[in-house]
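Just so you know, these numbers use all the heavy atoms, side chains as well, and skip hydrogens, waters and symmetry mates. Numbered from 1 within each chain, the chains take letters A, B, ... in sequence-line order.
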Amino acid sequence: MASRFWTAGSDSDEEEVDASEEENSSSEEESSSSSSSSSSGSDSSSDSDSDSDSDSDSDSDDSDAPKKGAARFLAGSDSDSDSDEDRRVVLKSAKDKRFSELTDTCDEIRNKMKINDWSAIQGLFDELNKRLERARKVSEAVGTPRVYVRMCVELEDFLNDTLANKDLKKKMSSTNAKALNTMRQRLKKHNTSDEFAEAVTKFRENPQEDEEEEEEEEESSSSSSESDTDGEREETEKRPAGAAKKKDKLLTMDSAEITYEMVAKKLREIVTSRGRKGTDKQEQLREIVTSRGRKGTDKQEQVEMLQFLANVAKGVPQKLEVLLQLVGSLFDLSPGISNYMKVGLWKRCMLVMLEIMDTLQANEAIVLDDSAEPSEERTAEPVAGEDGKVRVWGNLVAFVERLDDEMFKSLQVIDPHTHEYMARLRDEPVFLALSQKVHDYLARIGDVRNQPKVALRLIEHFYYKTDAVYDAMRKLTMLQQEEAAASAAAHPEGAVAAASAAAETAAAANTSNEPGEEQTADDKVALPVPLDFSMDESSTAAMKRLVGIVFTHGDERAKARAMLCTIYHKALHGDFHSARDMLLMSHLQDNVMLMDISTQILYNRSMAQLGLAAFRLGLISEAHSCLQELYGSGHIKELLAQGMAMGKFQDKTPEQELLEKRRQMPFHMHISMELLESSCLISAMLLEVPAMASSPLSVKKRVISKSFHRILDTYNRQTFTGPPETVRDHIMAATRALMRGDWSGAYGAVSALTVWQLVPQRESVLDMLKKQLKEEALRTYLFSYSAQYRSLSLDQLCTMFEMDEKAVYSIVSKMMIAEDLHGSWDQPTRTIVMHSIEATKVQSLAGQFADKATLMVELNERAYAFRTGGLRDDDDMGGGGGGRRGGRRGQDGQWEDDGGHGGRGRGRGPRLGAARMGLGQGGQDFGGHRRGGGGGGRGDRGGFRASGFSSNMTSGLPDRFQRRGPYRQQANPNMQALGSISRPGGGVGGGPGGGSYNRPLGGDRRDRGL
Amino acid sequence: MTTVADLLKRPDVKETVLKTVQLDGQVVLKIMQHCDGAQPSIVTGQLLGLDVGQTMEVTDCFPFPSPEDDGDSSTNYQLDMMRCLREVNVDNNTVGWYQSSVLGQYQTQEMIETFISYHDSIKKCVCIVYDPQRQQRGQLGLRAIRLKDSFIELFKEQKLTGKDLREAGVGWRDVFVEVPIKIHNSSLAQALIADLNPAPGATAGDLERLSLANAGYLSKTMANLIECMDDMLAEQGKVSMYHRNVARQQQQMAAWLQKRNQENIARRAAGEEPLPEEDPVLFKPIPEPSALDQYLVTSQIAGYCDMLGAAAEKGMAKMYLVQAAQKAAQH
């Protein structure tokens, strides 16, 4: 049993304690009051004994040995500190007697608690209640004795523990278990009755209260005696109690008396105790044994202490040191990395940071340096170094980053639809001001290493802001500054002093016991924006300035991030072309896979923004290629970190989920999903519908957007289609209209989308859409119905699609050139004369068959490469190389190059950051480019397939298949022939390179006798 | 299996290879009648005859009732029929079966299984495949099919993976063998034909053959061909899946081995028994997909290609003929 174990163990322990206590008592006999206070500080349970101190000997004899032994050790060691004094007979007043009775019963209950004897506890509890009544009668006090309340709380805790411990419960005898249950009910009723409830909650909030009260009385007397033994005692006492005491001592001292040395010592002590926490085993053990709730108060005390020290610190450097420590301890107050820092705390941190910055600004001779040794043994004010600078240890950048992170985290957690969120966002200007200050400071001292870090933080606050948001921010800043100025005028000592005063009131509020109160008090802390902070005229200017710094001094990651932010920013401001150029020139899409996840998310965000920018400008195919991979993956929420995907098929471990949660973007940084979806789908529609109309026989031949097809298929499968509701519905309705060539219907469906309200240039975007829809509708109409016409009048087309002559003329002519439309202009009559050549069924079937054959050859080659190993890689290299070579020859070499990379990298990377793209120069070029991009992976066959199946194939095919012999050998010459045929019409850049490599290799393969 | 004694005992039976199938005129007519009559559905029947050295003489046949007529009695029907035929002194030695086909589709798994089951009793059994549509187009729709012996052996041992077939040197061409058909009539029948004295071929108005419309036939065949391609692609997918799985397993195995090696090194260092380096439970060999379907599809494709080729050839020839005729008419 546990209790026996306790006894056995405690015997030796007891002796030890005895011995040490004896020592203690002998050495501190003369000042017994201080010893009792110190020990009471160390033992949580002993505070009850501090008032029963004098009569505890009375119970030490009437209890049985083993139990008592354990109890003695645990209940408080001071009981035996007296035991060697041979039972003094003490005269007690009736009041004291009653109280001692109460304590006795309490102790008994505690003993029973140790051995889990609930039936006994039940009896004792009854007795306790009776005694309480008696004690009340005697003392006539209004409140409940603290001993009693304490017992109640302890009992309740223990009860809860026992209930939580299933094993223990099982082992209990039935009577015991029954007693436990009755006890539970009674305690519940008891502790919640209004008589006690208040006392209990009060006790719970601050178990040490009365102890402190008592201490304080003693403190005043002992402080004088202690101050001379200060030196030795300080080394031995690193307990929280010691800190608390010292605080009192220092606080009571006149600030004039405090020397630099004292402050330094104190500071060091705090630093060591902060650093010490895990290392000192004895200390740790004691802390655990005594109280768990202590740690918090400890930190709190430290903060208060530091706050006080900051005010009394001698000399500026020391004040700085103290302040820096204060920031550190404030950070310590917030728990863990998974929770966010309380807003109040954050604000206090900000205030302290601002104070530091002001100090630094005022005293240019002081240099903060994290490489300098933290001042360990300094007792005198540090003298200026040879360069006239005083070095103080501290890392501002780390603090700024931490503050930024905390703000980010709090924004992640706060519900974005509340005022709280708005209030939190209002804190941003102050943070910006602080970062700007730190940045300027770093620039001043020439810290090139850290400067870009702060600059990057600033960039990350700017890049996602549209002009409107930025202006609003700027106005808010100015407003806040005005307010601050007004308040500064009211308090002549200046804004910062007002701020520190506010901080002090907050600190004062902290000492009060209500956590809720503390919260509100902290929230009320006004964060004045420093008056000397001004935001740039426009966000573009700010970005330019900061990005320049990062590019000159930053490391790779910072540069990449800054680049992505710039791209995002440029795209946001509608400068698609330069944003795209930046993206492509930086080759970010090549190595984004190797970067950390948050950078990948940033990359995806910039990609999405780039797509939206392209869409706004009417660059449909670019927009589609930007958005499609993001959207097509089906994980867009994850990719943009704007919410967790509720995947049915993947289970995430809680850790993964937590990690993902930590990555989420705060709401105000989100890119509208609906807008993304509609842009992506509309661009897919505009590209896909004419393509589908151009090759109605084999839809799968040239799938531009798989996701679009999927949606379309499900939409078509619906038996009944109601009026559109979601974005998809709208676009599908538009698709249907567009497939008939009904542009106005399509436009109606698309323009009914609500997301357009989110687009700043709504009118222009809608106009662009209208124009695009008309054009695509015309193309679709011609594709679908040209076979029904012998001739078509230009005027008719113009009226049908409400387009001017020139536009219709150019579109139709383009289609004729591309052999999409078999017809020719008849100028005098302004008509298109159709030369309809419709493939017979056999021909189209032969075409299908050729496709299948190609596919099979491709698969075969892949399988073959698998067996021989490496052949395919060589192919790829050759293809890529060829594509590149061809690309250089072409006019847009760069894009081709990049496309090749994209093609090869496909399918390699992890899901996040999946978006890659190949961007063509213009709409027409895009088809060619895609093939060029595919050139990396597919060589010339991409070109062959896409270019389709020309008429000479139809006639040539049956002949070729007449020959006997392995099928594959027949197909290969075909392939080659087609490869060369398709080249002129096929890839602009990828063609020549791909073709040239194919010939020798094809021969090779035949030699191997496949 | 074969001992020297066996070889000595029946040397000729083992050695002789079937060179030709000799069909009696009445058998051909009976088959044609049966198959044409039931055209859209596929019907089968029994071939009776004698195995004479290198030729298989088929002297008679009878149709099986189609399964939808009455399913259960087909075996009974066969036995009854045989008994009746024996009673009337007709050849009642089963030598194979005939079946109709639609557009040359006959290469199926069931076909092979039937062959194998016949093969157990009749070593040299043949199958006559009759394609009514082909016949209608003016081509001989009859072909005699056998399975190659090497393939039969492999099939019986169920060694049908790509590897096995490769090792045995059996290609897709080595599954089915076409045996030349010879049509034989009794002297009396020949005399009768001679006596009937039909009109000479050229003047008989055999204009059917000159029909230029073969698009329907072509497109149908083409569609079938495409279907076969799909099957082929599916088969290919299976194979590549297999390869991928094997590669993955090998990778895993290598990783496991490495881990085990390290573990063993550690164990050896600690003076413990090393663990075995092979784990039979963890990595079961992945069964290789059967190559039979591929073979069948391939030969089917080859068949279609032949058909298409033949049709196209004929079409071209006719075109030239027509062209020449037109030119002649213009002059």
Side-chain angles (χ1 to χ4, degrees), chain A residues 697-701 838-873 907 941 945 949 953-971 973-975 1008-1010, chain B residues 162-163 166 171-173 213-248 250 288-289 291 294-295 297-317 319:
Chain A
L697 270 173
S698 53
V699 187
K700 277 179 192 140
K701 195 158 93 181
E838 211 179 333
T840 61
K841 189 146 186 238
V842 180
Q843 275 170 333
S844 65
L845 278 171
Q848 270 183 46
F849 176 68
D851 274 357
K852 291 248 156 76
T854 327
L855 185 62
M856 193 170 116
V857 169
E858 196 175 304
L859 283 173
N860 244 347
E861 263 165 36
R862 208 172 286 168
Y864 178 64
F866 191 83
R867 282 203 76 75
T868 53
L871 176 69
R872 193 75 205 168
D873 288 345
R941 277 178 301 286
R945 246 197 322 170
F949 173 77
M953 177 82 186
T954 336
S955 55
L957 190 77
D959 260 338
R960 284 188 201 281
F961 279 90
Q962 247 176 29
R963 278 188 226 139
R964 293 203 159 228
Y967 169 71
R968 216 188 145 292
Q969 276 190 7
Q970 294 169 354
N974 260 344
M975 289 279 320
R1008 281 183 209 125
L1010 242 183
Chain B
K163 197 177 154 224
R166 227 178 4 259
W172 61 268
R173 259 171 269 267
N214 62 356
Y217 175 75
L218 275 181
S219 63
K220 222 181 261 176
T221 319
M222 208 66 200
N224 285 336
L225 190 56
I226 287 171
E227 234 167 74
C228 280
M229 273 323 267
D230 282 340
D231 291 348
M232 197 65 190
L233 284 173
E235 289 297 321
Q236 205 168 26
K238 273 188 215 161
V239 172
S240 60
M241 178 68 94
Y242 163 74
H243 281 306
R244 228 173 300 145
N245 284 341
V246 167
R248 198 177 305 149
Q250 273 169 351
E288 197 179 333
Q294 293 169 37
Y295 276 21
V297 177
T298 316
S299 63
Q300 183 88 62
I301 288 174
Y304 284 135
C305 288
D306 284 348
M307 281 159 69
L308 276 173
E313 206 174 348
K314 276 218 176 119
M316 291 297 269
M319 288 298 194

Exercise. So which of B:Asp230, B:Thr221, B:Leu218 has the biggest tally of heavy-atom pairs under 4.5 Å with chain A?
Worked result: B:Asp230

Exercise. CD of B:Glu227 to NZ of A:Lys852: how many Å apart, nearest 0.5 Å?
Worked result: 9.5 Å

Exercise. Which atom pair, heavy atoms only, marks the closest approach of A:Leu845 to B:Ser219?
Worked result: CD1-O, 3.4 Å

For this session: Find the distance between CD (B:Gln236) and CG (A:Leu855) and round it off to the nearest 0.5 Å.
Result: 7.5 Å

For this session: Nearest 0.5 Å please: distance from the CE atom of B:Met222 over to the CD atom of A:Gln848.
Result: 9.0 Å

